[in-house]
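Scroll down for the structure; my scribbles are underneath it.
The chain is numbered in sequence order, starting from 1. All of these numbers come straight from a predicted model, not from anything done at the bench. What's counted below: heavy atoms across the whole structure, side chains too, no hydrogens, waters or symmetry copies.
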Amino acid sequence: MASQDKPAGSGSSPVAANGNVSPPRKVALITGITGQDGSYLTEFLLNKDYEVHGLIRRSSNFNTQRINHIYIDPHNTHKARMKLHYADLSDASSLRRWLDTILPDEVYNLAAQSHVAVSFEIPDYTADVVATGALRLLEAVRSHIAATGRSHIRYYQAGSSEMFGSTPPPQLETSPFHPRSPYAASKCAAHWYTVNYREAYGLFACNGILFNHESPRRGENFVTRKITRAVGRIKIGLQRKLFLGNLQASRDWGFAGDYVEAMWMMLQQDKPDDYVVATEESHTVEEFLEVAFGYVGLNWRDHVEIDKRYFRPAEVDNLKGDSSKARKVLGWKPKVGFEQLVKMMVDEDVELAKREKVLVDAGFLDAQQQP
């Protein structure tokens, strides 16, 4: 746990090989550290020699599998530069307490109920965490600055291309928002809360409007990972069918590992601003299926069935970003292309299916759980 009496705005000071003390490490606070983006951002910041603190929700089951490979017991004080603390975006007191304790230089708000379809099922909770949760964190940062004078703190708000909804592509920073789900509407609220705190209080606060970004760490109930997970299981013989909804929905898909660098870049600028982060290419779910199944020598039409339960009450047809501002101002551009991303995810999920088959063959799992 971070010390409560360390100097404001400073992490530990590493000692160089020649005995000289290096400048204090920057300290980052990340909500949503156990998610896809949080894990990649943590790796990125640790490689930049940051001290990273993550806020996690209490759960009866551990949900830290995405960061287990970089976790070091905090008792190993010289090596443990990532530390975890219990808090929740629904609990304002916990947010302010950890800000006062950790004294971060940068705050990244990545936490959310981030599944669009699920937001129709639990709209109240989605709004409380995604919209009001962001407001609680912004207010905690503002009041912390007012009490301590630590006005150099920089804040990143994770936005979403879903905010554009039915606005025709290409979508950029000045395109109107037309959200089509409780999740998207909540993200719009968080976006404008961030703008308001920047304008009203002079907070260095940035909105990153990130278009769809995927990886092998994507949750299995998101369509891209649902597809690659099924491809692996079908290829290995553990599954025969994959049930999906709208195959014509088109998305601008990039690699999450590329996108977290853009988050960091925003907070290194002289002035706070809002940026669209996107590949500027759009592909349908059907195209994703073609690449994923084709990569392992399968025809997706032999395995995919349409299930109307997976259609949204209000569909978003086409998201395609214009990230020219981020490319010009930040110097950011994606490194991983669409086909490379899909194949990366399939490779990981084929290996996962092979390990799963060992358990099935040994009688520890029932392969018939999937049709």
Side-chain angles (χ1 to χ4, degrees), residues 1-6 8 27-39 41-42 45 51-67 71 74 82-115 118-119 121-148 150 153-160 182-183 185-198 200-201 203 205-208 219 263:
M1 185 180 295
S3 169
Q4 296 206 27
D5 58 357
K6 71 181 180 182
V27 178
L29 174 62
I30 303 174
T31 71
I33 193 171
T34 58
Q36 170 190 253
D37 294 3
S39 67
L41 179 61
T42 299
L45 294 177
E51 179 182 312
V52 179
H53 294 260
L55 301 185
I56 62 173
R57 289 175 297 168
R58 192 269 168 189
S59 172
S60 57
N61 296 315
F62 283 115
N63 61 347
T64 57
Q65 60 270 21
R66 293 187 180 97
I67 55 173
Y71 179 80
M82 179 190 73
K83 300 172 185 178
L84 304 176
H85 315 278
Y86 286 114
D88 198 295
L89 286 179
S90 65
D91 183 354
S93 64
S94 68
L95 301 177
R96 175 62 195 273
R97 181 173 67 253
W98 284 120
L99 281 166
D100 291 345
T101 301
I102 295 164
L103 303 175
D105 303 297
E106 297 172 3
V107 176
Y108 295 87
N109 185 29
L110 310 184
Q113 188 301 99
S114 58
H115 198 283
V118 172
S119 76
E121 304 292 333
I122 48 172
D124 290 15
Y125 174 77
T126 299
D128 184 47
V129 172
V130 178
T132 311
L135 178 60
R136 292 186 189 104
L137 185 55
L138 282 162
E139 177 58 20
V141 171
R142 183 205 65 78
S143 61
H144 170 78
I145 291 173
T148 65
R150 301 181 67 247
I153 296 178
R154 300 188 169 197
Y155 176 94
Y156 171 83
Q157 171 62 37
S160 169
Y183 167 75
S186 299
K187 279 293 186 184
C188 286
H191 175 96
W192 288 115
Y193 286 142
T194 303
V195 172
N196 178 247
Y197 270 65
R198 183 171 67 215
Y201 301 111
L203 202 66
C206 299
N207 284 296
M263 301 177 187

(message) Would the distance check show the side chain of K187 and the main-chain N or O of S114 forming a donor-acceptor pair, the cut-off being under 3.5 Å?
(response) no
(message) Measuring from atom OG of S94 to atom CZ of R57, what distance do you get when rounded to the nearest 0.5 angstrom?
(response) 12.0 Å
(message) Please report the interatomic distance OG1(T148) to CG(L99), rounded to the nearest 0.5 Å.
(response) 9.5 Å
(request) To the nearest 0.5 angstrom, please state how far the CH2 atom of W98 sits from the CG atom of D91. (result) 12.0 Å
(message) Given 3.5 Å as the limit, does a donor-acceptor pair link the side chain of N207 with the main chain of H191, or not?
(response) yes
(message) With rounding to the nearest 0.5 angstrom, report the CD1 to OG1 distance, I33 to T42.
(response) 3.5 Å
(request) Give the minimum heavy-atom separation between L203 and V141, together with the two atoms involved. (result) CD1-CG1, 3.8 Å
(message) Tell me whether T194 contacts the main-chain N or O of A205 through its side chain, where contact means a donor paired with an acceptor under 3.5 Å.
(response) no
(message) For the backbone of A140 and the side chain of S143, can you confirm whether one donor and one acceptor N or O come within less than 3.5 Å of each other?
(response) yes
(request) Give, for atom OG1 of T126 and atom CD of Q113, the distance between the pair rounded to the nearest 0.5 Å. (result) 4.0 Å
(message) Closer than 4.0 angstrom, basic N to acidic O: yes or no for E139 and R136?
(response) no
(message) Which residue is it: R150, E51, H53? I am looking for the one with a side-chain contact (heavy atoms from CB on, under 4.5 Å) to P104.
(response) R150
(message) Just verifying a value: how many Å separate E106 CD and L45 CG, rounded to the nearest 0.5 Å?
(response) 7.0 Å
